[in-house]
Amino acid sequence: MTEVKNQEYRTKVLIIGSGPAGYSAAIYAARAGLKPILVTGMEQGGQLMTTTEVENYPGFASPIEGPWLMDQMKQQSENVGATHIVDYIIDVDFSKPPFSAKGGSGNEYIGDTIIISTGAKARWLGIPSEEKYKGRGVSACATCDGFFFKDQHVAVIGGGNTAAEEALFLTNFCSKVTMIHRRDSLRAEKILQERVFANNKIELLWNSSIDEFIGDERGLTALKIRNTHTKELSNLAVDGAFIAIGHDPATEIFVNKLDMDDNKYIITAPDSTVTSVKGVYAAGDVTDHVYQQAVTAAAMGCMAALEADRYLATKK
């Protein structure tokens, strides 16, 4: 792992972002003899670094830990020849090849091709009081902050896989977990729903949304909840709240540089990772708003590396 400042790096394949897509791209690009450079970002390993148990990644009979899986991918990519640099890309120039990317460290990275695998970040509710209590009772990462609520009552807002996984994880520490969902049924996978319903520490609050986070100088103390049918308001006393309503693609620096859809996902050609700029590829959650799984992200990383290799071969 390299961490140098104010340097210029040149490579045939520059990979922006780690995680399953980035590491997979690095493995395949390195095995093709392209000597890729992977700029890790600040959250090395992506969302799986905050996942305690992974039981749907092929090849493992028993559940594995997300950080362990990412560390194995990282080591594998290094072992076959990829260079990892700890830095955060703040700007890119895709106007003509070779392409360039500027790091927060002052480094400049120049690549004949670029693979974007910056992943996604937690989505927030966006109400004013949420910002006030972030880090003071309001969080978007149960794995990161769940321990601080030992033997306390917390809420999880959401009804998908993320919310179900967060609620189940929090029962390891908390005395009670209230799941608050705006609909009358969960969207999570059936196996997760069954586990949620079977856990006596979890209570479901249906047809409900958050109007306000309430607290004092010490932090969050309650939630103002609105019934989505009757519009009736009520308060729920809690010690903490975890927002688990999905993720948004981390694509801000690529706006106006690449074609995107209305939700800021990078658009790629059908059955491909090719973006609107030849030589620039996108893999994983930056382009996938349907599946958003580690295994599909890894597959797209493989695709991107193979497509970059073929593109470079045509330029020789």
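Residue numbers start at 1 and run along the sequence shown.
Cluster membership check: Ile191 shares its hydrophobic cluster with Val196, using side-chain heavy-atom separations under 4.5 Å among Ile, Leu, Val, Met, Phe, Trp and Tyr. Under the 4.5 Å side-chain contact rule for hydrophobic residues, Ile15 and Tyr28 do not share a cluster.
With a 4.5 Å cut-off on side-chain heavy atoms, Gln76 and Tyr23 do not count as touching. Side-chain contact check for Val280 versus Lys257: every heavy-atom pair is 4.5 Å or farther apart. Using a 4.5 Å heavy-atom cutoff, the side chains of Pro20 and Leu48 are in contact. Residues Lys201 and Cys174 are not in side-chain contact: their nearest non-hydrogen atoms beyond the backbone lie 4.5 Å or more apart. A heavy-atom distance below 4.5 Å is found between the side chains of Phe99 and Val277. Taking the side chain as every heavy atom from C-beta outward, Leu204 and Phe197 approach each other to under 4.5 Å. Contact of the Leu312 side chain with the Val13 side chain is registered, since non-hydrogen atoms from C-beta on lie closer than 4.5 Å. Side-chain contact check for Thr118 versus Ile89: every heavy-atom pair is 4.5 Å or farther apart.
A salt bridge links Glu78 to Lys74: one of the charged nitrogens lies within less than 4.0 Å of a carboxylate oxygen. A salt bridge does not link Asp112 with Lys12: none of the charged nitrogens is closer than 4.0 Å to a carboxylate oxygen. Ionic pairing of Glu307 and Arg310 is not present here: no N-O contact between side-chain nitrogen and carboxylate oxygen is shorter than 4.0 angstrom.
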Worked check of side-chain contact (heavy atoms from CB on, under 4.5 Å) between Thr83 and Tyr9: CA-CA 11 Å; Thr83 297; Tyr9 294 89; over 6 Å; no
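Checking Leu223, Thr228, Asn227 one by one against Ile225, the side-chain contact (heavy atoms from CB on, under 4.5 Å) holds for a single residue, Leu223. Test Val238, Asn199, Val156 against Val177 for side-chain contact (heavy atoms from CB on, under 4.5 Å) and you get one pass: Val156.
Note: Ile16 CD1 to Ile37 CD1 = 11.5 Å, rounded to the nearest 0.5 Å.
Here ring-ring contact (aromatic ring centres under 6.0 Å, His included) pairs that include residues 63-83, with residues two or more places apart or in two chains, are Phe60-Trp68.
With a 6.0 Å radius and a threshold of 12 heavy atoms from other residues, nucleotides or ligands, Arg31 has its CZ atom at or below the threshold.
Aromatic pair Phe242/Phe169: centroids not less than 6.0 angstrom apart.
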